[in-house]
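Reading through the C-alpha cells given below for one structure.
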Amino acid sequence: MANAVCVIPIECKFGPISAFAYYVDAPEPAIIDTGVNVSAVQDIAPTLAEHGIRIEDIRWILLTHGHVDHLGGAYAIWEKTGRNAKVVIPKKEARLLRDKNEQIVDYKSLQGKYITDPAIQEKHITMLTTDISGTTEPDLEVVEGDSIHLGGDITLKVIETPGHSIGSVTFVLDELNWAFAADAVQIYGGLSGIPTIENPTLYRKSIHRLLEDVRPNRLFLGHPFRNINGDMESAQIEGEQVATVLQASLDMDAKLKDSARRHLTNGLPAEQHELYGPFGRVAEEIGYTGDPRNLPCAFFVTMHGYHEELIGLQIK
Ligand SMILES: [Zn+2]
C-alpha cells in the first residue's frame with residue numbers, strides 16, 4: 001500500500017446547499033472542483049489557511065464536470081495563483097469553462113424546457129451565470145486513460161463516468177484507489193430530493209464500472225446525499241460503505257426507470273401538474289415533494305433523461 005495522501009475536504013456553501021472541493025496535498029498541490037464564484041474567498045482559502053496552506057500555492061485546478069457549483073470558483077482560484085495553476089476539465093465539458101452562455105444553452109435544453117414561468121427562467125439564468133467567477137481556456141482537456149502527475153509518486157488517473165452530466169469524469173488516486181467521483185454518484189439524491197441524472201443509460205454503466213471494476217477504497221462525492229431513509233450522509237465514504245452507496249445509486253435508478261416506464265412510455269402525458277408538469281404521476285409515485293422552481297432543479301433534468309431513454313433518444 002502506498003503512503004496515505006492528505007486530502008482536505010472543503011465544504012463550499014451557497015444558499016441552502018453546499019458542494020465539496022478537495023485539496024490534494026502533493027509536491028504540486030491540486031484542488032479537485034472549486035465550488036462557486038465566492039467559494040475561493042469564503043471557504044477554500046480560509047479552510048486551507050487553517051492547515052497552514054496557501055491557496056496561492058495550488059498548481060492544479062481539476063474539474064470533474066462543468067456544472068456551476070463545481071466549476072464556478074475555478075477562475076477565482078486560478079487568479080489567486082497568479083495564473084500559474086493548470087486548469088483541467090473533461091474534454092466533453094470544456095465549452096462550459098470557455099463560455100458562460102453554454103450554461104444557458106444547457107439550462108434551456110434541460111430543466112428550462114419544463115419551467116414555464118419566464119420570470120423563474122430568468123432568475124435561474126441570472127443565478128447560474130453569477131455563480132461563475134470567470135471564463136478561461138483550459139490548459140488540459142482530459143479523456144479516459146489520461147494521467148495527471150502531481151509530482152513525487154502521486155498520480156491521478158482519469159476515468160470517464162458520464163451520466164450525471166455527459167462529460168463527468170472521476171479522478172482516481174493511483175495505488176490508494178481513492179476515487180474523486182463528485183456528482184457521478186448520486187445515491188438517493190441531494191437536498192433537492194432526487195438524483196440529478198442527465199443520461200440514465202450512461203449513469204448506470206458508470207456506477208456498475210465503479211462498483212465492479214474500480215472498487216474504490218474511498219469515494220469522495222460532490223455533495224452530501226440522502227440514504228434510503230432520506231437522511232443526509234457524509235460526502236466522504238470509505239470501506240464497505242462504498243459498495244453500499246453505489247448499490248443504493250443503482251437501486252434508485254431502477255426505481256426511477258420503472259416509474260418512468262409505467263407513466264411515460266406512451267409519450268409525455270397531456271395532463272399537467274401545477275409544479276411537476278407532465279411528470280406529476282412519477283413525482284407522486286416516487287414520493288418527490290420538492291419544488292423544482294428552486295435551483296438546483298434536479299427533478300426536471302432527471303425526468304427529461306428517463307423519458308428520452310424510454311423513447312430511445314439518448315447516446316448509449
Ligand atoms: Zn453536477
Side-chain angles (χ1 to χ4, degrees), residues 9-22 31-37 39 61-74 88-97 100 102-112 124-125 127-129 131-133 142 158-171 179-200 202-204 206-207 210 219-226 232-233 235-236 245 249 252-253 256 290 292 294-305:
I10 304 167
E11 190 166 13
C12 302
K13 299 193 182 77
F14 48 100
I17 65 167
S18 64
F20 273 95
Y22 293 101
I31 190 130
I32 300 178
D33 288 339
T34 61
V36 294
N37 189 358
S39 303
I61 298 167
L62 308 174
L63 304 170
T64 57
H65 64 301
H67 286 164
V68 295
D69 50 340
H70 296 258
L71 159 151
V88 178
I89 189 165
K91 191 178 188 63
K92 287 181 184 148
E93 303 201 357
R95 64 189 173 87
L96 296 162
L97 185 66
K100 280 187 188 186
E102 291 292 320
Q103 299 284 349
I104 303 172
V105 170
D106 285 7
Y107 171 82
K108 287 189 169 164
S109 70
L110 295 168
Q111 59 267 58
H124 285 173
I125 288 169
M127 280 171 74
L128 284 171
T129 46
D131 278 344
I132 299 176
S133 54
V142 286
V158 176
I159 65 167
E160 291 183 352
T161 46
H164 163 72
S165 72
I166 293 309
S168 287
V169 302
T170 294
F171 295 103
F180 297 86
D183 293 358
V185 177
Q186 291 277 310
I187 319 182
Y188 289 95
L191 202 62
S192 70
I194 188 169
T196 307
I197 301 172
E198 285 183 17
N199 182 315
L202 297 178
Y203 178 77
R204 208 169 292 136
S206 296
I207 302 288
L210 288 168
L219 194 56
F220 296 87
L221 302 183
H223 309 269
F225 289 103
R226 290 173 195 278
M232 301 304 280
E233 288 279 342
Q236 295 87 47
V245 303
S249 301
M252 185 59 181
D253 159 62
L256 289 165
N294 298 330
L295 278 185
C297 42
F299 180 74
F300 286 136
V301 174
T302 301
M303 288 298 107
H304 178 81

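Just so you know, ligand 1 is whichever comes first in the structure, and atom 1 is the first atom listed for that ligand. Hydrogens, waters and symmetry mates are skipped; everything else that's a heavy atom, side chains included, is used.
Evaluated for a ring pair (Phe, Tyr, Trp, His ring centres under 6.0 Å) with Tyr107, the options His67, His304, His124 yield exactly one hit, His124. Checking each of Ser249, Pro162, Ser168 against Ser206 for a side-chain contact (heavy atoms from CB on, under 4.5 Å) leaves exactly one that passes, namely Pro162.
Protein atoms that are N, O or S and lie under 2.8 Å from the Zn ion (ligand 1) are these: His65 NE2, His67 ND1, His164 NE2, Asp183 OD2.
Residue pairs satisfying the side-chain hydrogen bond (donor to acceptor under 3.5 Å, both in side chains) criterion with at least one member in residues 184-195, sequence neighbours excluded, are listed as follows: His164-Gln186.
Pairing each heavy atom of Leu97 with each of Ala74, the nearest pair is CD1-CB, 4.5 Å.
When the side-chain hydrogen bond (donor to acceptor under 3.5 Å, both in side chains) test is applied to Thr161, the partners found at least two apart in sequence or on another chain are Thr170. Applying the ring pair (Phe, Tyr, Trp, His ring centres under 6.0 Å) rule to Phe20 yields the partners Tyr22; only residues at least two apart in sequence or on another chain are considered.
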